[in-house]
Amino acid sequence: MGELKRSHSCNDLGVDHIDQEVTLMGWVLRRRDHGGVIFIDLRDRWGMTQVVFNPEFNTEVHAKAHVLRSEWVIAVRGKVIRRPEGMVNNNLHTGEIELLVTELRILNSSITPPFPLDEDIEVSDSLRLQYRYLDLRRPGMADNLIMRHKACQALRAFLNDENFLEIETPVLTRSTPEGARDYLVPSRVNPGKFYALPQSPQLFKQLLMVAGMDRYYQIVKCFRDEDLRADRQPEFTQVDMELSFITEEDIYRIAEGVMKSLFAATRGLELKTPFPRMTYAEAMERYGSDKPDTRFGLELISLTDVVRGCGFQVFRTVVEKGGLVQGINAKGCAHLSRKDLDDLTAYVANYGAKGLAWVKVKEDGEWQSPIAKFFTDQERAGMAATLAAQPGDLLFFVADTATIVRTSLAELRLELARRLGLIDKNTFNFLWVTDFPLLEYDHDQKRHTAVHHPFTAPTEEDMAMLESDPGKVRSRAYDLVLNGTEIGGGSLRIHQKEVQNRVFKALSIAPEEAADKFAFLLKALELGAPPHGGIAFGLDRLMMIIAGRDTIRDVIAFPKTQKATCPLTDAPAGVARKQLTELHLRPDWQEEKK
RNA sequence: GGGGUCGUAGUUCAGUUGGUUAGAACGCCUGCCUGUCACGCAGGAGGUCGCCGGUUCGAGUCCGGUCGGUCCCGCCA
């Protein structure tokens, strides 16, 4: 860079700087070479400034500028001048001025980029990830990272004000039963033993409460070796926190404060608090989901009692076998085509629904429907009344087990809303979902498993049922849902050894196994563990929603592909045999022949 | 583990019923151009149609497999 020193960013200069001598550094976004005058759009993290090489003003530097190409890195010194009459670019923050160059220094050239860096051009994901450092130069991607930084700073400021301590926890820890598949790390020093990467710092943050830290938080990487989705990858970031001597109300207040500060810092939005709340039971009843999107209606309506003993055999048998019949009234949607209905039927089939019954309510109130003939006038009237059906409405029904009915109608509801354009992207609907069940029965494992995790406290009033009717016990867990996405969850924890042992027993974790895997926790609970609880937010998902993106890859600097690889570094990769033997691993695969 | 979808020039895509030499735009290269801002004009280069196999006189096109991207189901306390 020689004696040149950057004086401003590419977004700084305006009419106040006219006639000043400045130096800019950055990347050549575009050149417009008129043979005579040459314009370069110079870009950096902050913005863009037009720089001008004028042969009448400086022949030497103009001649030198002819070689400049996209993504060359340059330093330019010159004078800030007002653009001529009528040449102002109102789309550009620095559009009132330009830099008339007196000195050009080429800091680095660039080969032709593998894809254009223009914002509006779609490039395949594999190419973007292979050249992620170019992809991140695009303003939209850079903005996402900048926004993520602001979000982290805002929540740190808020939590610091609330007397939290930011404390790090180990990344090399031990594998514990329950939950997702662990990433394992073999120990060289301890042959045959393994560390696991944390699925969350759950037990460590509880131990920090036992340690009297009182309020802890951490922005922390977590690891789960499961298959990927648009909003899920194996390493992800949690905003993790834990507090002592609190109730649910304290957690809600803190979490709402975090969201408030975060949305103010990123979107400049003033969120209304407190957020609405809904029990798990109500959410399942009205939306068929424990993370309902409340930006639109299309609620599920139960018809199980209305169609009991009706003339339609499919519905009748399902009810007799203890299943459910539920419906959705798509108001004013009777105009949907047969193809639309076939598509929707295929859509719910993905979620196990064997069929999707539909009824178009005609202007005279008559039913146009393949199943109309199976019902008496009275039965039809009862169903119509329950669904508040009016002429022009389209009614959907699914009859099956409770799980299939709820899942398929919940997904149908979302798909309908998308197709009908009922979703407002600029609305942010938060919802606390409370009173989750503590346990659910796993038919494969033939035992109960924890809905949240094994350290979640049961409610006082249900505790007595732990042994007699474990499936009925409610927990002191809560989820925070934003626009139908679970963005966080937590619970009040068990802080007494006896209760923890009873829950382990309800989970069919044998006392010997509990002692082996969780001895340290049980011991800590005997040594003055305070009542405590906490919550963790999925930062990637939160940023995805705030940035208005469809995948968390767009808010992660170096994300993984759906096959959990990194096209940039080509991870995961093979290792030398010696590395394995040092770790006391004996591979049975053949080494690649050279 | 399963299902959908995509893969053609550097990039984004088109390519008819299987039929001559595979096209467009942008980008790139050369030349011209003194007020553009997606500058303009003229010319040019650039292709193992992801890969392997099959059907066929003939395959970018049809079939099977495989690899890669992506979305979903299962999975994700």
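Proteins come first, then strands; the chains are lettered A, B, ... in the order of their sequence lines, and each starts at number 1.
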With a non-hydrogen cut-off below 4.0 angstrom, is [X] in contact with a base, only sugar-phosphate, or nothing?
| X | value |
| --- | --- |
| A:D125 | sugar-phosphate |
| A:S200 | base |
| A:Q562 | base |
| A:F455 | nothing |
| A:E98 | base |
| A:S124 | sugar-phosphate |
| A:S408 | nothing |
| A:L127 | sugar-phosphate |
| A:D33 | base |
| A:R128 | nothing |

So which nucleotide does [N] pair with, by the Watson-Crick or G-U wobble rule with both distances under 3.5 Å?
| N | value |
| --- | --- |
| B:G46 | none |
| B:A9 | none |
| B:A14 | none |
| B:C51 | B:G65 |

Want to settle it: does A:V88 or A:P55 sit nearer the 5' end of RNA chain B, counting the closest nucleotide to each?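 The residue whose closest nucleotide sits nearer the 5' end is A:P55.
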5'-most contact on RNA chain B: A:A180 or A:G35, nearest heavy atom basis?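 This one resolves to A:G35.
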Please state the [atom1] separation for the pair [N] and [M] - nearest whole angstrom.
| N | M | atom1 | answer |
| --- | --- | --- | --- |
| B:C63 | B:U16 | P | 14 Å |
| B:G15 | B:G23 | C1' | 7 Å |
| B:U21 | B:C28 | P | 32 Å |
| B:C51 | B:A59 | P | 15 Å |
| B:U8 | B:G47 | C1' | 8 Å |
| B:C26 | B:G43 | P | 14 Å |
| B:G2 | B:A38 | P | 49 Å |
| B:G27 | B:A9 | C1' | 11 Å |

Spacing of [X] atom [atom1] relative to [N] atom [atom2], expressed in whole Å:
| X | N | atom1 | atom2 | result |
| --- | --- | --- | --- | --- |
| A:F39 | B:U36 | CZ | C1' | 4 Å |
| A:F53 | B:U36 | CZ | C1' | 14 Å |
| A:N350 | B:G4 | CG | C1' | 9 Å |
| A:D227 | B:C76 | CG | P | 11 Å |
| A:R229 | B:C76 | CZ | P | 11 Å |
| A:N54 | B:U34 | CG | P | 11 Å |
| A:K563 | B:C6 | NZ | C1' | 13 Å |
| A:L228 | B:G69 | CG | C1' | 13 Å |

[Y]/[X] salt bridge by N-O under 4.0 Å criterion:
| X | Y | result |
| --- | --- | --- |
| A:R232 | A:E486 | no |
| A:E71 | A:R137 | yes |
| A:K291 | A:D479 | no |
| A:R128 | A:D554 | yes |

Determine if A:H34 stacks with B:C39; use a centre-to-centre distance below 5.5 Å and an interplanar angle below 30° as the criteria. yes
Kindly write out the residues that satisfy side-chain hydrogen bond (donor to acceptor under 3.5 Å, both in side chains) with A:K505, not counting sequence neighbours, or none if the list is empty.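 Partners of A:K505 by the side-chain hydrogen bond (donor to acceptor under 3.5 Å, both in side chains) criterion come out as none, since no residue qualifies.
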Could you list the residues that satisfy side-chain hydrogen bond (donor to acceptor under 3.5 Å, both in side chains) with A:S289, not counting sequence neighbours? none
Look at the aromatic rings of A:F520 and A:F518 and report parallel, tilted or perpendicular, splitting at 30° and 60°. tilted
Parallel, tilted or perpendicular, judged at 30° and 60°: which one describes the rings of A:H443 and A:Y441? perpendicular
So, do A:H62 and A:F57 have ring centers that fall under 6.0 Å from each other? no
What's touching nucleotides 22-29 of chain B from the protein side, N or O pairs under 3.5 Å?
| from | atom 1 | to | atom 2 | distance (Å) |
| --- | --- | --- | --- | --- |
| B:C29 | OP1 | A:R69 | NE | 3.2 |

Nucleotide nearest [X] when distance is taken to its side chain, options [options]:
| X | options | value |
| --- | --- | --- |
| A:T561 | B:G69, B:U34, B:C39 | B:G69 |
| A:R224 | B:C72, B:U36, B:C76 | B:C76 |
| A:V37 | B:G69, B:U36, B:U34 | B:U34 |
| A:R232 | B:C76, B:C71, B:U12 | B:C76 |

Counting just side-chain N and O atoms, does A:R32 come under 4.0 Å of either OP1 or OP2 of B:U36?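 Indeed not, no polar side-chain atom of A:R32 lies that close.
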Would you say the side chain of A:E122 and the base of B:U11 hold a donor-acceptor pair, judged only by whether the two atoms sit under 3.5 Å apart?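 Answer no: no donor N or O sits under 3.5 Å from an acceptor.
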Ignoring hydrogens and geometry beyond distance, is the side chain of A:R30 in donor-acceptor contact with the base of B:C37 at under 3.5 Å? no
Minimum heavy-atom separation for A:P234 and A:Y183, please, with both atom names.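 So the two residues come closest at CB-OH, 3.1 Å.
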For A:L29 and A:S70, which heavy atoms make the closest approach, and how far apart are they? O-OG, 3.7 Å
